[in-house]
There are 2 protein chains.
Amino acid sequence: MNQSTVISIESIRVACRYCTLSSLCLPMGLTPEDVERLDDIVKRARPLHRGDVLFREGERFRSLYVVKTGSLKTFAPSCEGGEQVLSFHLPGEIMGLDAIDKGEHACSASALETSAICEIPFARLEELTALIPSLQHQMYRLLSKEIGQDTDMLLLLGKKNAEERLAAFLLSFSQRLHKRGLSATDFHLSMSRHEIGNYLGLAVETVSRLFTRFQDDGLVRVERKHIELLDPQGLEEIIDGASPGRRQAPQRQQQT
Amino acid sequence: MNQSTVISIESIRVACRYCTLSSLCLPMGLTPEDVERLDDIVKRARPLHRGDVLFREGERFRSLYVVKTGSLKTFAPSCEGGEQVLSFHLPGEIMGLDAIDKGEHACSASALETSAICEIPFARLEELTALIPSLQHQMYRLLSKEIGQDTDMLLLLGKKNAEERLAAFLLSFSQRLHKRGLSATDFHLSMSRHEIGNYLGLAVETVSRLFTRFQDDGLVRVERKHIELLDPQGLEEIIDGASPGRRQAPQRQQQT
DNA sequence: CGTTTACTTGACGTTAATCAAGGGGAGTGG
DNA sequence: CCACTCCCCTTGATTAACGTCAAGTAAACG
């Protein structure tokens, strides 16, 4: 936690532009000067350390946040003091979209490790999107995408068993890292087993047992938080229904 | 299915305006002429009958849809031919927001009963929102709200047991009806037990047993699809953790 | 070096799914 | 209008998956 947190103003600026680009501008038609205008409203990052809270549930909503480096989780209070982990956020991913509606944050966000964040004041972004139609379109897409991701998660929690959930989590994580240019088969989990279980609706013990089982089955190599995917194909097969040597029959479940 | 489906062009038009208002314009600062312009792009409804498909997963995305009367469900294919019911839609509620991102529908929608729908061509809506800042803001809020609802559902599927899920479903349904001016304590469920179970991640049999139990406990009166909430307070208590005469200890679950 | 926290593993219990069977409406055809 | 059928719903018995409880090990931290 030395080099990575000590970053020059200039490098932050460049990185912010990168973040903004990746989340808002990826497949679109902004002119260079549009990007410049967008970049101008992005505030410089404030570095967070493990456990630091970026925003808390109930706080007034002012800005969206983009992860520059590191990772964060968002979570909401459940019944009886419990928490539900809602999502993990990797570099280039945006946070705070759920707060627009009520004007206050619906969940809290905290850093899983040392992280740098870009802040985008929403009021200014909104003004800008009104002026730049393609940026407005990107915002709609961004919000819509978030809905799609939540939908995937609903499907996971509603229909998948423990094994399928963890396999889906690992593959999804792998793919997100790969999208950012990192290794898809060799990575570090910045969250605890507890947080993974919470996110997937499973007990810590179940997550732990599954990691062991996956390793025994030659699907992954697990060493504490270091993960090596040995057989992504095999994980894929687990997700889509029948697990390797076991249940195979088509589930009846559902329909009218 | 006579009077309700035979609707004059004028009444549709008025109803569309109502729909548009309720979903897009509720707490906002549109001038009457803005509303007029918005209303002008809304296409007249096409009536659907039970089982009719409004849009199908994979279809090109062109329009958002607002329920005028009746009710619909959206669902996505799960693994092995199964389906996951993603949401139920009541009058005034909007569908299709998840399709903006990819430009094609991510889920399918079908009518649970005879229903009338308003269609809002998205391209035209987008043009309009670029011209009317307060409308743009409403769109952001609408999308954000959808995310918030999905989040609530994640919490339900991730942390709640069968009893809590059904109680939450009943109360949520009741509140949504109440918002539309209907009775909050006496209503008709347009979906089957199967669809409720699918939506809540439960087996049909479990849903059925819970309805029976809730009735035995004096919480509701159930007669086929007719529901009478006798003790909303009691349902509320079930949702927030401890069920009436049983488990009361604080769940340990979660946290880092 | 001692303490704490995270993770793992085993034994057991509980919840809800699955399997199986029977009742009751709603719609259909006679 | 009645009888039949189909589907939806309900109820009971059994089972499997996963949570819970308990204990022990290994890193991380001060």
Side-chain angles (χ1 to χ4, degrees), chain A residues 1 49-51 78 80 82 112-113 156-166 188-198 200-216 220 222-227 238 242-243 246-256, chain B residues 1 49-51 78 80 82 112-114 156-167 188-198 200-216 220 222-227 238 242-243 246-256:
Chain A
M1 53 179 90
H49 298 96
R50 177 177 169 76
S78 175
E80 308 226 11
L112 296 169
E113 61 190 317
L156 186 135
L157 292 178
K159 292 272 168 298
K160 310 260 186 200
N161 63 27
E163 197 174 36
E164 292 161 351
R165 291 182 200 188
L166 189 64
H188 177 84
L189 294 176
S190 52
M191 69 292 290
S192 67
R193 300 283 192 272
H194 207 121
E195 287 163 325
I196 295 172
N198 188 318
L200 297 175
L202 301 172
V204 199
E205 295 91 332
T206 303
V207 174
S208 185
R209 276 185 257 268
L210 285 172
F211 269 125
T212 305
R213 195 199 298 173
F214 283 177
Q215 176 156 262
D216 291 347
V220 298
V222 183
E223 193 185 339
R224 202 151 174 78
K225 301 201 164 181
H226 178 92
I227 303 287
I238 287 181
S243 46
R246 318 193 307 147
R247 146 185 33 83
Q248 184 83 15
Q251 317 154 284
R252 56 185 194 117
Q253 268 276 64
Q254 326 318 143
Q255 230 103 297
T256 294
Chain B
M1 55 177 90
H49 298 95
R50 177 177 170 74
S78 176
E80 308 226 10
L112 295 169
E113 61 189 317
T114 301
L156 186 136
L157 292 177
K159 292 270 170 299
K160 311 259 186 202
N161 63 27
E163 197 175 36
E164 291 161 352
R165 292 183 198 187
L166 189 64
H188 176 85
L189 294 177
S190 52
M191 70 293 292
S192 67
R193 300 283 192 271
H194 206 122
E195 288 163 326
I196 295 173
N198 189 317
L200 297 176
L202 301 172
V204 200
E205 295 92 333
T206 304
V207 174
S208 185
R209 275 185 257 269
L210 284 173
F211 270 124
T212 305
R213 194 198 299 173
F214 282 177
Q215 177 157 261
D216 291 347
V220 298
V222 183
E223 194 184 337
R224 202 156 174 74
K225 300 200 164 183
H226 179 92
I227 303 288
I238 287 181
S243 47
R246 318 194 307 146
R247 146 183 33 81
Q248 185 81 15
Q251 318 154 285
R252 56 185 193 118
Q253 269 277 64
Q254 322 321 139
Q255 230 103 297
T256 294

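Every chain is numbered from 1 and lettered A, B, ... according to where its sequence line falls, protein lines coming before strand lines.
Per the geometry, CZ belonging to B:Arg213 stands 8 Å off P belonging to C:dA16, to the nearest Å. With rounding to whole Å, B:His194 atom NE2 is found 12 Å from C:dA17 atom P. Taking atom CG of B:Asn161 as the reference point, atom P of D:dG19 lies 13 Å away to the nearest angstrom. Between the P atom of D:dC8 and the CZ atom of B:Phe211 lies a distance of 16 Å, rounded to the nearest Å.
For A:Glu205 and D:dC21, a side-chain-to-base donor-acceptor distance below 3.5 Å is present, hydrogens and geometry of angles not being considered.
In this structure, B:Lys160 NZ and B:Ile238 CD1 are separated by 11.5 Å, a value rounded to the nearest 0.5 Å. For the atom pair A:Ser208 OG and A:Leu202 CG, the distance stands at 12.0 Å (nearest 0.5 Å). For the atom pair CG (A:Leu112) and CZ (A:Arg50), the distance works out to 7.0 Å, reported to the nearest 0.5 Å.
Between B:Thr206 and the phosphate of C:dT15, there is no side-chain N or O to OP1/OP2 separation shorter than 4.0 Å.
Picking from D:dT11, C:dT8, D:dC9 the nucleotide with the shortest atom distance to the side chain of B:Thr212 gives D:dT11. You'll find that the side chain of B:Ala203 is closest to C:dT18, out of D:dG19, C:dT18, C:dT8.
Counting non-hydrogen atoms under 4.0 angstrom, A:Arg209 reaches a base of the nucleic acid.
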